[in-house]
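These notes concern the structure reproduced below.
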There are 2 protein chains.
Amino acid sequence: MKYRELAKILKMEIERGEYRATGKLPTEPELMERFGVTRYCVRNAIALLVNLGDVCPVQGSGMFVREDDRDGCLNINNTRGLTSEFPGHAVSSKVIKLEQREAGGDAGRLKCDPGDDVYSISRLRLLDGEPFAIEYALYLKEFVPYLNEEIADGSIYSYIRRDLKLVTGFADKLMYARKLDRGQADLLGLSAGDPALVVEDHAYLSNGRLFNVGTVYYHYEKATFFNFADLK
Amino acid sequence: MKYRELAKILKMEIERGEYRATGKLPTEPELMERFGVTRYCVRNAIALLVNLGDVCPVQGSGMFVREDDRDGCLNINNTRGLTSEFPGHAVSSKVIKLEQREAGGDAGRLKCDPGDDVYSISRLRLLDGEPFAIEYALYLKEFVPYLNEEIADGSIYSYIRRDLKLVTGFADKLMYARKLDRGQADLLGLSAGDPALVVEDHAYLSNGRLFNVGTVYYHYEKATFFNFADLK
DNA sequence: TAGTGGTCTAGACCACAGC
DNA sequence: CTGTGGTCTAGACCACTAG
């Protein structure tokens, strides 16, 4: 997987500001030469950065590094959990509820049988100690065989990837705005009826199996999502 | 541009339900054979569909067609205007304000000089005659030399692409939730303080020049955005 | 006109799913 | 084991930007 490694290296270098002078990445031939790979790898690596919005391509001119002020924005495609989105900040969780039960009425959403075991978790997510979002999540026990409060206190995403060695494949999201109810508002330090940015998440393993659905209510004054789209 | 054409064909076929029996696209060798192209084209075409969330790849198994109920959802990456998002529905606009002026305080956002000419447009966007969103948009006159009410009544996007022949390159979006003020609420048939899903748009030409910024307040009960992300 | 990224070909081997 | 998609190589030509 040379091109993913190359993308990581380039992203690091961008973040270190190594291309701030020119505002551009090195040209493709230069990168091929420097890393001893073919154009395929170079272009695939850059494509990843383009998708993340870190770089924008202009034919005939170069790959321009985008240093816009997106600090504090959540990248809608960067599905590695809140923790990785705010490197300089303290991301923590307060578990509101954690139970193992049968899927029941959630079987439809989870594409499983009503009798299948699931973990149901509600967490208040905190950013630098301040309430940031409320998360309601379901995990299929078939794929996530164990969860406890200690794990849920931290990054469930890291646990799934690093400890359970599950290989995530893709995710789709629905985003909309809603009113907070009284209980939600209290948790977020807002008032009932205040807006929330709601994100519904469906996460699949690389084998195409759905293993997790979640609904997250974000504090409307604190959460902003960012997306970059190629229009061609 | 074989692969873009191929993607269009496959998308059409998917929408016509031609792969509903198997739930999968034909394999890469089959598509290469059928269209007389190399794997490069086939894979690039499919990659476009994957990015749109129409198809999901499972290594060793196939390219599965996703027929989830995303009807009525706005694809966050499908930046071809509201009209194209709701093929079966009537999308119309009511122009609230249309003026040509100097950029002034908007120069920062537009990355232009304060003296540069811009069109400033506010529109109420209607879906099947019902208020759906309020749009505040700025266009740089350098790139969009003419706009009038008649054009703004319809799809400005089509006008820009089809009539002005501008080649759009990429766009980034910020998404968040806010409270509606009184004027906005009246336009949308809601109450002041009700939520809105807000999308800030920055649209660039293929040469990397910013030509349009906009902020759209969507009716919180009617607008849902959809996004598909590859996690690998 | 020179240099950039965009498209395309023709091949090879690897990783994974399912029989 | 077979067939699927994923990665990679080594080349070619095209489209666009900028001097």
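Here is how names work: the chains are called A, B, and so on, in the same order as the sequence lines, proteins then strands, and each is numbered from 1. Being a predicted model, the structure only gives us computed values, none of them experimental.
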Item to check | Nearest-nucleotide pick for M63(B), side chain only, options being dG5(D), dT17(D), dT7(C) | outcome: dG5(D)
Checklist outcome for this item: From NZ of K24(B) across to P of dG3(D) the rounded distance in Å is 13 Å
Checklist entry - When the nearest nucleotide of DNA chain D is assigned to C41(A) and to G60(A) on a heavy-atom basis, which residue is associated with the more 5' position? => result C41(A)
Checklist entry - Can you check whether R4(A) has a side-chain N or O nearer than 4.0 Å to OP1 or OP2 of dT7(D)? => result yes
Next on the checklist: With a 4.0 Å limit, can you tell me whether Y3(B) has a side-chain N or O closer than that to the phosphate oxygens OP1/OP2 of dT7(C)?
Outcome noted: yes
Next on the checklist: Can you measure E5(B) atom CD to dG6(C) atom P for me and round it to whole angstrom units?
Outcome noted: 18 Å
Checklist entry - What is the distance, rounded to the nearest whole Å, between atom CG of L6(B) and atom P of dT7(C)? => result 14 Å
Checklist entry - In whole Å, what is the span from the CG atom of L166(B) to the P atom of dC16(D)? => result 14 Å
Checklist entry - Choosing from dG5(D), dT7(C), dT7(D), which nucleotide comes nearest the side chain of Y40(B)? => result dT7(C)
Checklist entry - With under 30° as parallel and over 60° as perpendicular, where do the rings of F228(A) and F170(B) fit, or are they tilted in between? => result tilted
Checklist outcome for this item: In whole angstroms, the gap separating P of dT4(D) from CG of L31(B) amounts to 11 Å
Checklist entry - Between dT17(D), dC8(C), dA15(D), which nucleotide gets closest to the side-chain atoms of Q59(A)? => result dA15(D)
Next on the checklist: Under 4.0 Å from OP1 or OP2 of dT9(C): is there any side-chain N or O of K2(B) that close?
Outcome noted: yes
Item to check | F132(B)-F86(B) aromatic ring centre distance below 6.0 Å | outcome: yes
Item to check | hbond_proxy R43(B) side chain to dT7(D) base (donor-acceptor, 3.5 Å cutoff) | outcome: no
Checklist entry - Touch check for N44(A), heavy atoms < 4.0 angstrom, all strands: base, sugar-phosphate only, or nothing? => result nothing
Next on the checklist: Are there over 12 heavy-atom neighbours, none belonging to E150(A), within less than 6.0 Å of that residue's CD?
Outcome noted: no
Next on the checklist: Looking only at the side chain of P29(B) (C-beta and beyond, no hydrogens), which of the listed nucleotides dG5(D), dA17(C), dT7(C) gets closest?
Outcome noted: dG5(D)
Item to check | 5′-ward residue of the pair G36(B)/R39(A) relative to DNA chain C | outcome: R39(A)
Item to check | Donor-acceptor contact present, side-chain K173(A) to main-chain I76(A), <3.5 Å | outcome: yes
Checklist entry - To the nearest angstrom, how far is L49(A) atom CG from dG5(C) atom P? => result 13 Å
Next on the checklist: If we ignore hydrogens and angles and just use 3.5 Å, is the side chain of R123(B) paired with the main-chain N or O of G154(B) as donor and acceptor?
Outcome noted: yes
Checklist entry - Are any of T38(A)'s side-chain N or O atoms less than 4.0 Å away from OP1 or OP2 of dT9(D)? => result yes
Checklist entry - Under a 3.5 Å cut-off for both distances, is dG19(D) Watson-Crick or wobble paired, and to whom? => result none
Item to check | Protein-nucleotide distance (R209(A), atom CZ; dG18(C), atom C1'), rounded to Å | outcome: 14 Å
